Asks: 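My structure is below; once you've seen it, I'll send some questions.
Letters A, B, ... are given to chains in the order of the sequence lines, protein chains preceding strands, and every chain is numbered from 1. These numbers were taken from a predicted model, which means no experiment stands behind them.
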Number of protein chains: 2
Amino acid sequence: MDFDRLKGGNPLYQQIAKWMIDHIHSGNWKEGYKLPAEEELAEQLEVSRGTLRKAMVRLLKQGLLEQVQRKGDFHFKSFYHNHN
Amino acid sequence: MDFDRLKGGNPLYQQIAKWMIDHIHSGNWKEGYKLPAEEELAEQLEVSRGTLRKAMVRLLKQGLLEQVQRKGDFHFKSFYHNHN
DNA sequence: CCCAATTTGTGCGTATGTATC
DNA sequence: CGATACATACGCACAAATTGG
């Protein structure tokens with residue numbers, strides 16, 4: 001989705017992480033929203049799955065993203081509680 | 001079955017797809033032939049199920065493979081009608 | 001009809017090799 | 001060289017559908 005791939009810019013995975021956070025802020029992704037599968041989302045973003053994962057792991061560690069069981073999907077949790 | 005795992009070669013899933021097509025051409029797999037379960041076939045080929053699936057999905061999309069009723073199994077359909 | 005086993009469908013976790021900057 | 005990015009490949013776990021007793 002129109003990321004900056006120019007040299008010298010921020011890494012793709014950082015841009016993606018920011019893009020996801022923006023989606024929460026804008027209300028596009030509300031709490032409990034179930035993300036598409038990594039493979040599918042990566043395809044939509046036109047990045048590799050590995051790069052997308054790198055962004056997601058960042059958000060996971062920051063507590064912005066929550067992994068539900070072993071079901072294989074991610075849900076957003078209450079964002080504002082965990083955003084410092 | 002004796003696939004080329006050397007670096008620089010074609011991906012395994014491509015080789016497997018070709019191997020399956022060759023089986024049809026050679027007459028080993030005639031129309032209507034029911035394939036073994038994915039798990040079993042993967043074991044015979046000494047590849048992972050995921051890699052085997054990747055090859056099968058390719059053939060499915062190309063119309064060389066047909067999925068029959070019970071989601072279960074795959075049958076080969078008239079190969080020559082769909083091969084350009 | 002019910003139930004357990006089988007098989008496909010899906011998705012994540014991880015590792016490796018290659019290329020580029 | 002190290003960081004970034006991609007493609008490939010394996011494994012594991014679970015859901016859903018089907019099968020057969």
Side-chain angles (χ1 to χ4, degrees), chain A residues 1-21 23-24 29 32-77, chain B residues 1-21 23-24 29 32-77:
Chain A
M1 315 224 103
D2 201 27
F3 291 113
D4 178 23
R5 284 178 169 77
L6 297 179
K7 330 167 183 181
N10 289 329
L12 255 184
Y13 65 87
Q14 279 183 21
Q15 296 178 50
I16 293 173
K18 181 183 182 306
W19 173 81
M20 296 179 91
I21 291 179
H23 261 59
I24 309 175
W29 288 352
Y33 172 72
K34 178 179 179 294
L35 274 71
E38 291 180 354
E39 191 95 37
E40 188 180 321
L41 188 52
E43 191 176 356
Q44 291 175 20
L45 300 182
E46 295 178 290
V47 300
S48 73
R49 191 188 145 208
T51 300
L52 169 61
R53 268 190 70 76
K54 212 159 178 173
M56 294 179 72
V57 168
R58 279 175 85 87
L59 295 187
L60 263 183
K61 288 183 179 172
Q62 289 176 28
L64 305 183
L65 204 56
E66 186 177 42
Q67 193 160 21
V68 179
Q69 311 195 23
R70 246 337 203 110
K71 287 263 174 76
D73 36 51
F74 292 83
H75 295 241
F76 273 98
K77 66 189 301 187
Chain B
M1 322 234 97
D2 201 28
F3 291 113
D4 178 23
R5 284 177 169 79
L6 296 181
K7 331 171 183 180
N10 290 327
L12 257 184
Y13 65 87
Q14 278 183 21
Q15 297 178 50
I16 293 172
K18 181 183 181 307
W19 173 82
M20 297 179 91
I21 292 179
H23 262 57
I24 309 174
W29 289 352
Y33 172 72
K34 178 178 179 294
L35 273 70
E38 293 178 354
E39 190 93 37
E40 189 181 319
L41 186 52
E43 192 176 356
Q44 291 175 20
L45 301 183
E46 295 180 289
V47 300
S48 72
R49 194 187 142 210
T51 300
L52 171 61
R53 270 189 71 78
K54 209 161 180 174
M56 295 178 73
V57 168
R58 280 175 86 85
L59 295 186
L60 262 183
K61 287 183 181 171
Q62 289 177 27
L64 305 183
L65 205 55
E66 185 178 42
Q67 198 160 17
V68 181
Q69 27 191 358
R70 33 238 230 308
K71 294 184 61 173
D73 32 59
F74 293 83
H75 295 240
F76 275 99
K77 66 188 301 187

Asks: Under 4.0 Å between a side-chain N/O of R53(B) and OP1 or OP2 of dT8(C), yes or no?
Replies: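 For dT8(C), OP1/OP2 do not have a side-chain N/O of R53(B) under 4.0 Å.
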Asks: Can you confirm whether Q14(B) is buried at CD, in the sense that more than 12 heavy atoms of other residues, nucleotides or ligands lie under 6.0 Å from that atom?
Replies: yes
Asks: To the nearest Å, how far apart are E43(B) CD and dG11(D) P?
Replies: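 Whole-Å distance recorded here is 10 Å.
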Asks: Rounded to whole angstroms, how far apart are CG on L35(A) and P on dT10(C)?
Replies: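 Nearest whole value for this atom pair: 18 Å.
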Asks: State which residues pass side-chain contact (heavy atoms from CB on, under 4.5 Å) with V57(B); sequence neighbours excluded, sorted by chain then number.
Replies: K61(B)
Asks: Please report the distance, rounded to the nearest Å, between CG in L59(B) and P in dT8(C).
Replies: 15 Å
Asks: Angle between the end axes of the helix from dC2(C)-dG21(D) to dC21(C)-dG2(D), five pairs per end, to the nearest 10 degrees?
Replies: 10°
Asks: Test of understanding: with side-chain contact (heavy atoms from CB on, under 4.5 Å), list the residues that count as partners of Q44(B), not counting sequence neighbours.
Replies: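 With sequence neighbours excluded, Q44(B) shows a side-chain contact (heavy atoms from CB on, under 4.5 Å) to E40(B), L41(B), given in chain and number order.
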Asks: For N10(B), does its backbone N or O pair with a side-chain atom of Q15(B) as donor and acceptor, under 3.5 Å?
Replies: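 Yes, Q15(B) side chain to N10(B) backbone: donor-acceptor pair under 3.5 Å.
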Asks: Please state how far atom CD in E39(A) lies from atom P in dC6(D), giving the value in whole angstrom units.
Replies: 13 Å
Asks: What is the distance from CD of E38(B) to C1' of dA17(D), rounded to the nearest Å?
Replies: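 Going from E38(B) (CD) to dA17(D) (C1'), I get 13 Å.
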Asks: Take atom CD of E40(A) and atom P of dG9(C), then tell me their distance rounded to the nearest Å.
Replies: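 From E40(A) CD to dG9(C) P: 17 Å.
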Asks: Where do A55(B) and I16(B) come nearest, in terms of heavy atoms and distance?
Replies: CB-CG2, 3.7 Å
Asks: State, with a plain yes or no, whether a side-chain heavy atom of M56(B) is found less than 4.5 Å away from one of L60(B).
Replies: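 Sidechains of L60(B) and M56(B): no contact.
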Asks: Once you round it to whole Å, what is the distance between P of dC6(D) and CG of L52(A)?
Replies: 10 Å
Asks: Counting just side-chain N and O atoms, does R49(A) come under 4.0 Å of either OP1 or OP2 of dA7(D)?
Replies: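 False: R49(A) side-chain N/O out of range (4.0 Å or more) of dA7(D) OP1/OP2.
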Asks: Specify the separation, in whole Å, of atom CE of M56(B) and atom C1' of dT10(C).
Replies: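 It works out to 16 Å between those atoms.
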Asks: For R58(B), give me all partners under salt bridge (Lys or Arg N to Asp or Glu O under 4.0 Å), at least two apart in sequence or on another chain.
Replies: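 Listed in chain order: nothing, the list is empty.
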Asks: To check you understand the geometry: which heavy-atom pair defines the closest contact between F3(B) and L12(B), and what is its length?
Replies: CB-CD2, 3.7 Å
Asks: For residues R5(A) and L45(A), report the shortest heavy-atom separation together with the two atoms involved.
Replies: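 Shortest heavy-atom contact: NH2-O, 4.2 Å.
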Asks: Quick test: give all pairs of protein nitrogen or oxygen and nucleotides 2-5 of chain D nitrogen or oxygen below 3.5 Å, distance rounded to 0.1 Å.
Replies:
| residue | atom | partner | partner atom | Å |
| --- | --- | --- | --- | --- |
| dT4(D) | OP1 | Y13(A) | OH | 2.5 |
| dT4(D) | OP2 | Y13(A) | OH | 3.3 |
| dA5(D) | OP1 | L12(A) | N | 2.1 |
| dA5(D) | OP2 | L12(A) | N | 3.3 |
| dA5(D) | OP2 | Y13(A) | N | 3.4 |

